[in-house]
Number of protein chains: 2
Amino acid sequence: MAAASTTNARSAQRRGALRLPATRFDKRLGEILNHATDVFCRKGYEGASMRDLSRASGMSLAGLYYYFQSKERLLFLIQKHTFTTIVERLKARLEGMSNPEQRIRILILNHLEYFLSNQAAMKVLSHEDDALKNGFASEVAAIKREYYRICVGLLDELKHERGLQFSTRIAVLSLFGMMNWIYTWHNSRVDADADELARQMSEIFLRGVMNGGRARR
Amino acid sequence: MAAASTTNARSAQRRGALRLPATRFDKRLGEILNHATDVFCRKGYEGASMRDLSRASGMSLAGLYYYFQSKERLLFLIQKHTFTTIVERLKARLEGMSNPEQRIRILILNHLEYFLSNQAAMKVLSHEDDALKNGFASEVAAIKREYYRICVGLLDELKHERGLQFSTRIAVLSLFGMMNWIYTWHNSRVDADADELARQMSEIFLRGVMNGGRARR
DNA sequence: GACCCATTCGAACGTTCGTTCGAATTCAGT
DNA sequence: ACTGAATTCGAACGAACGTTCGAATGGGTC
């Protein structure tokens with residue numbers, strides 16, 4: 001996780017001089033971010049103290065502040081990196097795929113795969129949605145909006161192709177609800193893996209949204 | 001909101017001697033719970049301080065502790081009352097109704113109606129799901145389990161009646177995801193009311209779950 | 001060995017946290 | 001008006017909070 005590279009002046013400087021993309025600084029920051037993600041996931045952002053993070057990452061309290069300016073910025077780095085990654089992966093997977101139904105299945109699979117292999121980070125992203133303030137909040141909100149727009153686009157393609165009629169907004173937000181709620185219940189010892197979950201949720205959602213046309217009344 | 005009556009010794013004593021179900025104590029406690037619900041909704045449980053609650057309810061910091069023993073118990077009272085109420089209402093509405101599809105529509109309508117007319121309380125219930133510890137946590141978890149079981153029952157009725165095949169667990173949790181996620185996006189100036197939302201989500205969910213039978217593969 | 005910059009740390013800063021306590025005030029019944 | 005119980009409050013408690021600072025290390029280059 002080299003999330004902070006592009007937004008951290010210290011490592012950006014270094015990157016100009018060195019050819020390796022991941023400096024020592026970035027690596028260490030990445031480790032701290034990973035530990036912090038776990039702690040935020042377990043105790044919540046407000047509930048986790050800097051001393052908790054210090055203990056989890058094995059670095060002194062003061063030492064942490066060498067890597068980031070504040071607790072809030074730490075959460076920001078986690079959320080931005082997580083969200084950026086999931087959007088990037090989605091874009092890459094959608095490339096070259098043109099069937100609208102398939103494209104939605106890919107969105108669902110991509111979301112659930114990333115969710116389950118990065119459960120802690122995704123919980124922090126979902127659950128600490130409005131923990132950031134002002135500038136931090138708006139930058140994350142921008143990525144979220146982009147993700148939302150992509151999903152709206154995919155659904156509109158499907159609507160157009162099949163002449164369906166439903167509220168895209170409700171459909172998109174229902175879909176995200178289905179998927180994001182996972183963090184409250186998924187148990188890897190009981191529940192299916194991402195492939196199977198994606199298949200089942202895709203069936204429910206796509207059959208629900210296709211079929212017929214206008215909802216009754 | 002007379003949630004605490006049955007669990008508070010002070011008011012239980014009084015209730016033996018008086019004929020009114022809502023004592024002065026209960027009324028005042030209810031007001032405090034309502035204000036606290038707003039504050040927890042806006043700032044989160046951990047993020048809200050007792051001084052915030054004092055300010056919001058117009059009572060001194062020390063005065064609050066006359067009505068409840070701790071901040072954690074306050075959250076517990078809010079969650080328990082909210083959850084109990086929504087389950088009670090559902091049971092009452094289901095009485096006498098036997099058509100499986102209709103019964104599921106009622107569950108969805110009941111959930112969304114209560115959600116939208118008690119947004120703050122429902123956000124606190126959904127979002128501060130694991131903020132409580134030990135005894136408090138398990139008592140709320142018991143109500144949640146009952147609610148979950150009811151929903152599983154309704155879906156199994158539908159499955160049996162129509163010979164459907166799908167994972168009840170995934171279906172139930174997807175449905176709750178769709179519905180509970182509302183607190184992250186619903187805007188009363190833009191979005192439809194509970195009736196209309198319930199209709200749309202019911203269509204998506206029921207069509208998604210019925211139809212055909214087994215999911216492919 | 002000396003220098004320099006990057007990294008780490010112990011100790012403390014001022015603030016805010018949840019909670020308590022004893023005194024003051026308000027209320028209901030006479 | 002008087003009395004005892006119910007209610008409210010100001011002031012304080014020790015603990016924990018996020019953050020800072022200057023000094024102590026570490027590793028690589030002359």
Side-chain angles (χ1 to χ4, degrees), chain A residues 4-5 8-18 20 22-32 35-36 39-40 43-77 128 131-133 136, chain B residues 4-5 8-20 22-33 35-36 39-40 43-77 128 131-133 136:
Chain A
S5 300
N8 188 286
R10 214 181 318 253
S11 94
Q13 273 178 293
R14 285 169 135 265
R15 214 122 48 82
L18 286 145
L20 286 178
T23 63
R24 186 168 130 79
F25 180 89
D26 284 331
K27 275 215 196 85
R28 198 86 178 86
L29 175 56
E31 292 169 16
I32 294 174
H35 285 120
V39 177
F40 284 157
K43 317 185 86 171
Y45 171 69
E46 297 280 1
S49 72
M50 290 300 295
R51 283 155 183 89
D52 291 330
L53 303 181
S54 160
R55 212 170 301 120
S57 58
M59 176 172 285
S60 74
L61 190 52
L64 292 175
Y65 281 87
Y66 178 70
Y67 288 96
F68 49 87
Q69 296 86 328
S70 68
K71 187 189 174 190
E72 192 184 9
R73 181 165 169 88
L74 178 57
L75 175 61
F76 167 73
L77 293 177
E128 311 297 345
L132 295 174
K133 321 219 152 192
F136 288 148
Chain B
S5 299
N8 186 286
R10 217 183 313 259
S11 94
Q13 273 179 294
R14 285 170 134 266
R15 214 123 48 78
L18 287 146
R19 38 189 210 92
L20 286 178
T23 63
R24 187 170 128 78
F25 179 90
D26 283 331
K27 275 213 197 87
R28 198 87 178 86
L29 174 57
E31 291 169 17
I32 295 173
L33 289 178
H35 285 119
V39 177
F40 284 158
K43 318 186 80 170
Y45 170 69
E46 296 281 359
S49 72
M50 290 300 295
R51 284 156 183 87
D52 292 328
L53 303 181
S54 159
R55 213 170 300 120
S57 59
M59 176 173 283
S60 73
L61 189 54
L64 292 175
Y65 281 86
Y66 179 68
Y67 288 95
F68 48 87
Q69 295 88 327
S70 69
K71 188 189 174 192
E72 192 184 9
R73 182 166 169 86
L74 177 57
L75 175 61
F76 167 72
L77 292 176
E128 311 297 345
L132 295 174
K133 320 218 152 192
F136 287 147

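Each chain gets a letter, A, B and so on, in the order the sequences are listed, and its residues count up from 1. Note: hydrogens, waters and symmetry copies are ignored here, and every other heavy atom, side chains too, is used.
- For the pair B:Leu29 CG and D:dA6 C1', the interatomic distance rounds to 15 Å; values are reported in whole Å.
- Between A:Glu46 atom CD and C:dG18 atom P the separation is 11 Å, expressed in whole Å.
- Under a 3.5 Å cut-off, the side chain of B:Lys71 and the backbone N or O of B:Tyr45 do form a donor-acceptor pair.
- Residues A:Arg51 and A:Gly63 each lie close to DNA chain C; by heavy-atom proximity, the contact nearer the 5' end of the strand is made by A:Gly63.
- To the nearest angstrom, C1' of C:dT25 lies 13 Å from CE of B:Met59.
- For D:dG10, neither phosphate oxygen OP1 nor OP2 lies less than 4.0 angstrom from any side-chain nitrogen or oxygen of B:Ser60.
- Looking at heavy atoms from C-beta onward, B:His35 lies out of side-chain contact with B:Met59 at the 4.5 angstrom threshold.
- Across the protein-nucleic acid pair, B:Phe68 atom CZ and D:dT8 atom P stand 12 Å apart, rounded to whole Å.
- Between A:Lys71 atom NZ and D:dC17 atom C1' the separation is 9 Å, expressed in whole Å.
- Between A:Ser49 and the phosphate of D:dC17, there is a side-chain N or O to OP1/OP2 separation shorter than 4.0 Å.
- Between B:Leu64 atom CG and B:Ile32 atom CD1 the span is 5.5 Å, to the nearest 0.5 Å.
- One atom, CG of A:Leu64, and another, C1' of C:dT7, lie 12 Å apart when rounded to the nearest Å.
- Phosphate contact (OP1/OP2 of D:dT8, side-chain N/O of B:Tyr66, threshold under 4.0 Å): absent.
- Between B:Phe25 atom CZ and D:dA5 atom C1' the separation is 14 Å, expressed in whole Å.
- Whole-Å rounding puts the B:Tyr65 OH to D:dC13 C1' distance at 13 Å.
- At the phosphate of D:dT8, OP1 or OP2 sits under 4.0 Å from a side-chain N or O atom of B:Tyr67.
- Partner of A:Leu74 under the side chain to side chain contact (heavy atoms under 4.5 Å, CB included) criterion, chosen from A:Phe40, A:Tyr67, A:Tyr65: A:Phe40.
- Residue whose closest nucleotide on DNA chain D sits further toward the 5' end, between B:Arg28 and A:Ala48: B:Arg28.
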Determine, stepwise, if the pair A:Arg55 / A:Arg51 fulfils side chain to side chain contact (heavy atoms under 4.5 Å, CB included).
CA-CA 6 Å; A:Arg55 212 170 301 120; A:Arg51 283 155 183 89; 4.1 Å; yes
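- For A:Ala62, taking side-chain heavy atoms from C-beta onward, the closest of the listed nucleotides D:dT8, C:dG18, D:dC21 is D:dC21.
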